[in-house]
Amino acid sequence: MVKTIMDEIIEAGDYVLPGTTACPGCGSTLALRYVLKALGKNTVLVIPACCSSVYQAIYPNSAINVIIYNVAFASAGAVASGIKQALDIKGYQDVNVVVWGGDGGLVDIGFATVSGAAERNEDIFIICYDNEAYMNTGIQRSGSTPPGAKTTTTPLGKIVGFKKPMPFLMLLHGIPYVATANVAYPTDLYEKVKRGKEINGFKYIHILSPCPPGWRYDDSKTVEVGKLAVETGYWILWEGYYKEGKIRISLSPPSRPYRTPAKRKPIEEFLKYQGRFKGFTETSIKRVKEWIDYQWNLIEPFLQ
Amino acid sequence: MEVPEDHLLLPISKPKKGAGGETGAWRVYRPVIDPAKCIKCMMCYMYCPEAAIEVSNRNEIPRIDYRYCKGCLICYEVCPVPGKAIKIERETGEKS
Amino acid sequence: MKRYDVITGNYSAAWGARLSKVEVIAAYPITPQTTIVEKLSEWVDKGEMKAKFIAVESEHSAMSAAMGASAAGARAFTATSSHGLLYMYEMIAWAAGARTPVVMAVVNRALGPPWNIWSEHTDVLMTRDTGWIQFWASNNQEVLDSIIQAYRVAEDKHVLLPAMVTLEGFVLSHTAMPVTIHEQDKVDSFLPPYNPPHYVVNPMISEPFTYGNILFPWDYAKVRMSIERAMINSIDVIKKAAKEFEEIFGYSHGALIKEENVENADVAIIAMGAVAEEVEAVSEQLRKDGLKIKAVKVRVFRPFPKREIAEIANSVSKIIVIDRDISFGWDGILASHVKAVLHEYKVDTPVFTKIMGIGGDDILPEHIVKAVKDVY
């Protein structure tokens with residue numbers, strides 16, 4: 001029998017052990033399963049304050065079967081840099097040093113450390129699961145919250161602010177690998193982590209991670225909502241790199257049809273599932289559409 | 001508060017299944033795989049956020065570990081079989 | 001090879017790190033610490049030091065990276081001052097809880113606003129509660145030696161806490177003094193390589209573990225209080241290290257304190273850092289004028305030398321404490337410590353706080369003489 005990627009994924013086993021303290025239907029633990037399947041046991045996860053700090057469960061037990069170093073909110077990029085440099089000088093070159101954090105710790109408060117590590121091209125992997133708000137502390141808005149979304153600090157929907165185009169910002173630092181991913185496309189995520197793992201230098205992956213309590217939809221719809229994000233063009237799956245003065249981006253297969261706006265499903269299909277967009281006004285739909293157009297416009301010049 | 005004798009009590013935890021307890025107790029609805037209808041597509045295994053569905057290879061029917069399954073029912077949603085190969089049962093509150 | 005050179009406090013600190021064979025340096029520049037970082041950077045780039053230099057983007061990241069490197073088993077070093085110290089405050093506290101024996105050189109500098117680059121002790125004293133061991137150096141030789149001793153103490157298996165070595169901005173950092181740069185093999189015999197006995201963030205050595213996930217209060221309390229036990233253990237380790245240092249190198253800066261060997265002293269003057277040497281220089285003159293005083297230097301501020309201070313207090317009739325710092329709404333910080341110790345040990349000696357040298361204002365011999373004569 002021909003070995004498929006499915007066989008590989010099953011054989012890789014699971015480093016996320018059931019019995020986490022994550023919410024039922026959590027996008028993050030789903031994504032982490034694939035990140036760790038791709039990385040394997042020679043991995044250190046550096047985790048800043050975020051949902052994953054909490055879903056590891058409670059001392060003396062942990063729900064994740066790799067070395068985890070829990071660190072302060074803003075510090076992950078810098079701690080990971082220190083760990084990697086130390087392992088290097090001690091002669092352990094093959095260890096995957098990976099930051100696994102939410103949008104709060106990587107896009108907002110920890111942005112300087114992520115940006116600094118990228119600029120120095122530290123040989124680490126920073127993987128952000130973006131649930132588009134500070135979910136761990138109870139759904140407050142972040143720099144990654146889309147316009148129009150309701151959070152506890154934007155009760156009428158996010159009016160002030162846009163959404164930071166984080167993966168694109170990272171690519172602009174001139175690094176060898178950036179990718180976006182989505183929990184609804186786990187084999188795509190798996191392959192991207194595997195590809196990134198082989199590269200020496202700073203790698204960044206940004207994963208859309210739908211959140212049932214935060215986005216206010218039924219637990220069972222996480223994958224459905226994730227798929228609609230791609231099918232409406234709201235979330236673009238791509239890989240990019242910087243080389244010799246140029247940025248290159250290629251669309252991942254699931255997103256290719258949606259390069260043509262006419263092929264995208266209407267954004268309302270994505271928004272209607274989620275209580276955080278309930279009662280959205282014309283203005284906020286307009287701003288979400290603007291955000292979608294903006295993302296596509298950003299990457300268009302670099303598409304191969 | 002006394003100062004402990006041990007100067008090196010460290011906040012180190014060890015990996016364990018059920019680190020958060022038997023999270024199966026969180027369930028309201030229980031997914032049950034129907035072996036007669038299951039086509040072994042592995043979608044439920046792939047999409048379980050809890051890694052509570054086990055399978056050793058693609059020739060097996062996946063097994064749900066009810067000690068930890070939280071009943072999110074993503075597995076039911078992603079099952080591609082027409083009419084679904086997974087049934088949803090209401091938990092009765094009795095230990096099974 | 002032993003060298004005898006005339007170098008600044010900052011270069012002495014850099015030499016201390018170099019002789020300690022640090023493996024990872026993560027630092028961010030800030031006046032008056034910059035030349036430590038520049039010197040180390042130069043040595044690393046030239047290959048004179050086998051170390052990694054991470055040019056981090058902030059002090060918060062400097063401590064984060066140093067702590068990460070230490071957790072992964074490397075000997076890590078950083079340096080900062082005043083606002084940089086305060087910016088990394090969260091991570092200073094984290095490093096102590098992570099039990100990573102990082103050593104940091106801190107160059108004392110006053111806090112703003114308004115901007116001021118000169119020496120004041122308040123910055124380092126603000127970190128006194130974090131669980132770090134603190135060495136206060138009074139001259140450039142002591143800066144170099146204390147960094148080496150700091151690694152010895154911090155990495156001791158009965159301690160495993162981070163340690164800082166402070167030196168006064170400009171007074172020591174930019175002032176050149178004669179310093180002996182020891183032979184590497186002598187330093188090696190005093191300071192063995194770092195081999196973490198407690199945990200290493202390295203999957204090629206350790207089985208999977210999670211450091212620092214949630215602990216409920218009953219577990220947290222014990223884990224946290226074990227830091228206090230380590231701090232208590234460090235008292236003996238510091239004394240032992242000072243003694244071994246003396247045996248190998250032939251001289252000593254004292255262990256927890258250094259007191260002048262003076263008989264029948266009436267008044268003790270307690271100070272820290274470069275101020276303490278100033279006091280020592282003045283006290284000899286004052287004794288010639290008939291004032292029976294003795295200079296006491298607090299060399300280690302954490303763990304605080306309670307017993308030693310109580311003993312000295314018992315032997316004199318007055319104590320003057322010179323504080324180059326202020327805790328607003330409270331007292332001079334060193335003085336308040338001395339007063340608390342005397343209360344704990346039931347010693348009656350009056351203690352007088354003299355706050356001087358705030359913001360780098362010169363502390364001249366005549367100021368100290370006046371302070372003494374005011375209370376004598």
Side-chain angles (χ1 to χ4, degrees), chain B residues 1-31 42-75 78 91 93 95-96, chain C residues 67 70-71 93-101 131 133 153-163 195-203 205-238 303 306:
Chain B
M1 165 98 217
E2 272 178 26
V3 180
E5 276 306 308
D6 192 339
H7 70 290
L8 210 53
L9 293 170
L10 297 176
I12 287 182
S13 297
K14 292 295 194 170
K16 183 176 163 236
K17 264 192 190 178
E22 294 211 339
T23 51
W26 299 13
R27 270 197 314 275
V28 178
Y29 293 99
R30 156 196 292 245
M42 302 295 132
M43 285 299 109
C44 53
Y45 164 81
M46 293 283 284
Y47 283 110
C48 175
E50 200 62 26
I53 302 183
E54 290 164 356
V55 79
S56 318
N57 58 63
R58 283 195 291 141
N59 293 320
E60 290 179 8
I61 294 175
R63 300 171 295 278
I64 298 177
D65 191 337
Y66 292 106
R67 288 175 297 175
Y68 308 116
C69 164
K70 292 170 177 166
C72 71
L73 304 179
I74 286 179
C75 51
V78 300
E91 290 289 355
K95 265 191 140 83
S96 56
Chain C
M67 178 195 81
S70 182
W94 199 275
R99 308 302 293 269
T100 44
I133 294 171
V153 172
E155 293 172 3
D156 188 290
K157 65 179 195 275
H158 300 290
V159 179
L160 290 162
L161 288 176
N195 205 357
H198 52 338
Y199 73 92
V200 191
V201 176
N202 182 347
I205 295 180
S206 309
E207 288 297 304
F209 67 89
T210 291
Y211 194 94
N213 59 330
I214 297 180
L215 267 67
F216 281 133
W218 41 87
D219 287 321
Y220 173 95
K222 289 191 227 124
V223 166
R224 203 67 181 165
M225 292 301 282
S226 77
I227 294 177
E228 177 63 7
R229 175 62 61 193
M231 194 53 99
I232 294 170
N233 289 354
S234 72
I235 295 174
D236 283 339
V237 175
I238 291 168
K306 293 184 184 178

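Each chain gets a letter, A, B and so on, in the order its sequence line appears, and its residues count up from 1. In this text, all values refer to a predicted model and were calculated from it rather than measured experimentally.
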Show me the donor-acceptor pairs under 3.5 Å between chain B and chain C.
{"unit_1": "V3(B)", "atom_1": "O", "unit_2": "R229(C)", "atom_2": "NH2", "d": "3.3"}
{"unit_1": "P4(B)", "atom_1": "O", "unit_2": "R229(C)", "atom_2": "NE", "d": "2.7"}
{"unit_1": "E5(B)", "atom_1": "OE2", "unit_2": "R229(C)", "atom_2": "NH2", "d": "3.4"}
{"unit_1": "H7(B)", "atom_1": "O", "unit_2": "R99(C)", "atom_2": "NH1", "d": "2.9"}
{"unit_1": "H7(B)", "atom_1": "O", "unit_2": "R99(C)", "atom_2": "NH2", "d": "2.8"}
{"unit_1": "H7(B)", "atom_1": "NE2", "unit_2": "K157(C)", "atom_2": "O", "d": "2.6"}
{"unit_1": "L9(B)", "atom_1": "N", "unit_2": "S226(C)", "atom_2": "OG", "d": "3.3"}
{"unit_1": "L9(B)", "atom_1": "O", "unit_2": "S226(C)", "atom_2": "OG", "d": "3.4"}
{"unit_1": "P11(B)", "atom_1": "O", "unit_2": "G212(C)", "atom_2": "N", "d": "2.8"}
{"unit_1": "S13(B)", "atom_1": "N", "unit_2": "T210(C)", "atom_2": "O", "d": "2.8"}
{"unit_1": "S13(B)", "atom_1": "O", "unit_2": "T210(C)", "atom_2": "N", "d": "2.9"}
{"unit_1": "S13(B)", "atom_1": "OG", "unit_2": "N213(C)", "atom_2": "OD1", "d": "2.7"}

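Of all non-hydrogen atoms in V3(B) and I232(C), the two that sit nearest each other are CG1-CD1, 4.4 Å. Residues P15(B) and P208(C) come closest through the heavy atom pair CD-O, 3.5 Å.
By the side chain to side chain donor-acceptor pair (under 3.5 Å) test, Y68(B) is found to be paired with no residue, residues two or more places apart in sequence or in another chain being considered.
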